[in-house]
Amino acid sequence: MARNSSLAPQMALSRLSLLLLAALALSSLPILAIARGGDAISNRSGHLGQRTALPKRRLFEEKEPQITEEMTRGYMSNSELEMAVKKFAKRCANISRVYRYGFSKTTISIGKSVNGVPLWVIEISDKPGQKEAEPAFKFIGNVHGDEPVGRELLVLLANWLCNNYMQDSLATLIVRSVHLHILPTMNPDGFALRRRGNANNIDLNRDFPDQFYHMNDVISLRQPETKAIMDWVKQQHFTASASLHGGALVANYPWDGTQDTRKHYYACPDDKTFRYMATVYSRSHYNMSLSKEFEGGIINGAFWYPIYGGMQDWNYIYGGCFELTLEISDTKWPKASELPVIWEYNRMSMLNLVASIVKTGVHGRVFAANTGRPLPASVIIRGIDYKVNASWTFGDYHRMLAPRGNYEVTASMPGFQTRSTRIQVEDEAVNLDFILNLEGDAHTPSLFANGCDCSCHGNARLLGFLRGIHLELFLLLVILLFLCFLFKRKKMLKFPRYREPNAAKRDLVV
Ligand SMILES: *[C@@H]1O[C@H](CO)[C@@H](O)[C@H](O)[C@H]1NC(C)=O
Ligand SMILES: *[C@@H]1O[C@H](CO)[C@@H](O)[C@H](O)[C@H]1NC(C)=O
Ligand SMILES: *[C@@H]1O[C@H](CO)[C@@H](O)[C@H](O)[C@H]1NC(C)=O
Ligand SMILES: *[C@@H]1O[C@H](CO)[C@@H](O)[C@H](O)[C@H]1NC(C)=O
Ligand SMILES: [Zn+2]
């Protein structure tokens, strides 16, 4: 009620029409509640995303099966998880940190749950906590309190990387070339309460701002767990991510919601890229791609069943981050003794998905030609209505792309001339740097067109006076000019360049 009264009139209106639509849809269908949502828990948005499902899918009934003591045996409690995180941080201190962001000094986390449990995040990198011109990936587990497999696997993943760094090539690549952030549980309260929603019984995967419907736009009503994720994403500049769920075996990709609230394939601008990423996961999995239910083990969220206020679409639209929603086990609570096997089934998928953010796509840095400073420019692919931004710190950008394609890449920045170039992406990543000239600068783009603050100008002017004098003197001058040119060139090349060991196939500068 409090929520309703504070909604702006147009929000209330769109909610009303949604309610009507949903009621219409619901009246003709049996109520199926599904993995990513659709339970009737949330009075606020429970009506969205509950309409329909593939015929065979009944992940849980209206009445959820009781989660018994027996089922939870062997799973980490929240305090055991905290201990596992701290133990990891101690053991693997030189390639990780457990970090805090913007909150009280004593709390090392990105935020807290409703009941005050810190949201612990592990960062794995050879330079944890430092900014580098490298892409970042995030894994989030246990978004739904009653889906605990993800939180277990994420702790196993962190430990596996620590154990295999410098021994396994994928582990080494990830530690060296990626900043991997792992939040084992986004919903510790729901986990403790043995239910899907958080302590306020809100489904966190319905709590994000939505592109079509504005039921979550009131900031004061946003759940602290959701807010923590949103702040974190704005802070960190993630290239890609995945959240882990349970109750099915499939890699789900955007869009999750449709504008008309009906269930149908709804492709986002990067549909091809997302299908590639989802396929990387399903094909690397023990048997996800063999699914009889989902072709290739992947599915478009809106085609499965539309949801609104989900984390996945929000990440792509507002976070510049390519997020998948991974359903990693058919049962939500497999016996804890099966967890090592489930980890083995998912291990290569998780590693390959993280590694894909350096092994594919186009990467590079953007600089201002006049100052050599990095630019937080926007990078656009012709034909794809989506912007990836370079970072403020290094001007590095990391653009996921499906392999084997010809792409026209454009970098643009207000105040600078836009530049474009075509690249052919095969199976490896392409490295492509941009140097942008100031707007209104008539020079044809050239590395050496600007930024000369050595004595060359003076020398050039001297040329006129010296015309006609002795040949030796003239040659000497030419040599001087050439040296000056070399000096400038050296200066240009001093731009720190983005490099990744296994990924860069070739370097281009435009
Ligand atoms: C939903 O709202 C109704 C009436 O406002 C209330 O009785 C019920 O407890 C609420 N359910 C949940 C799960 O919050
Ligand atoms: C971390 O420690 C191990 C073992 O001492 C060492 O081999 C490795 O080089 C260190 N890694 C980094 C990134 O410092
Ligand atoms: C995958 O393997 C597990 C364990 O053998 C089995 O329970 C599950 O049904 C299999 N799923 C598919 C899609 O083959
Ligand atoms: C990227 O930059 C543009 C232009 O500055 C901005 O409008 C947009 O919000 C940025 N995108 C992200 C994901 O930060
Ligand atoms: Zn879920």
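Numbering of ligands and ligand atoms starts at 1, following listing order.
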Asker: Assert yes or no for the condition that the ring centre distance of F434 to F367 is strictly below 6.0 Å.
Answerer: no
Asker: Evaluate the 4.0 Å heavy atom contact test for atom 7 (O) of ligand 4: does a protein atom fall under the cut-off?
Answerer: no
Asker: Does either side chain, that of N115 or that of S113, offer a donor lying less than 3.5 Å from an acceptor on the other one?
Answerer: no
Asker: Which label fits F303 and Y265: parallel for a plane angle under 30°, tilted from 30 to 60°, or perpendicular past 60°?
Answerer: tilted
Asker: Could you tell me whether atom 14 (O) of ligand 3 has at least one protein heavy atom nearer than 4.0 Å?
Answerer: yes
Asker: Would you say that F137 contacts M350 through its side chain, given a criterion of any heavy-atom pair below 4.5 Å between the two side chains?
Answerer: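 No, every pair of side-chain atoms sits at 4.5 Å or beyond.
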Asker: By atom name, which N, O or S atom of E147 is the nearest to the Zn ion (ligand 5)?
Answerer: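 Of all N, O or S atoms belonging to E147, OE1 is the one nearest the Zn ion (ligand 5).
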Asker: Name whichever N, O or S atom of H245 ends up nearest to the Zn ion (ligand 5).
Answerer: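 Closest to the Zn ion (ligand 5) among those atoms: ND1.
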Asker: Is the distance between the Zn ion (ligand 5) and the nearest N/O/S atom of E327 smaller than 2.8 Å?
Answerer: no
Asker: Checking a contact table here: which protein heavy atom is nearest atom 4 (C) of ligand 3, and how many Å away?
Answerer: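 Looking at atom 4 (C) of ligand 3, the protein heavy atom closest to it is Y345 OH, 3.7 Å.
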Asker: Assign the ring pair H144 / H245 to parallel, tilted or perpendicular, where the plane angle (0 to 90°) is split at 30° and 60°.
Answerer: perpendicular
Asker: As an exercise, identify every atom of ligand 3 less than 4.0 angstrom from a heavy atom of Y286.
Answerer: 2 (O)
Asker: Mark up the atoms of ligand 4 that fall under 4.0 Å of a heavy atom belonging to G320, in ascending order.
Answerer: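 Atoms satisfying the 4.0 Å criterion: 13 (C).
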Asker: Show which atoms of ligand 4 fall inside a sub-4.0 Å distance from at least one heavy-atom site of Y318.
Answerer: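 By the 4.0 Å cutoff, the relevant atoms are 13 (C).
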Asker: Within a reach of under 6.0 Å around CD of E295, are more than 12 heavy atoms found that belong to other residues, nucleotides or ligands?
Answerer: no
Asker: Select the closest option to atom 10 (C) of ligand 3 among D330, N287, T331, judged by heavy-atom distance.
Answerer: N287
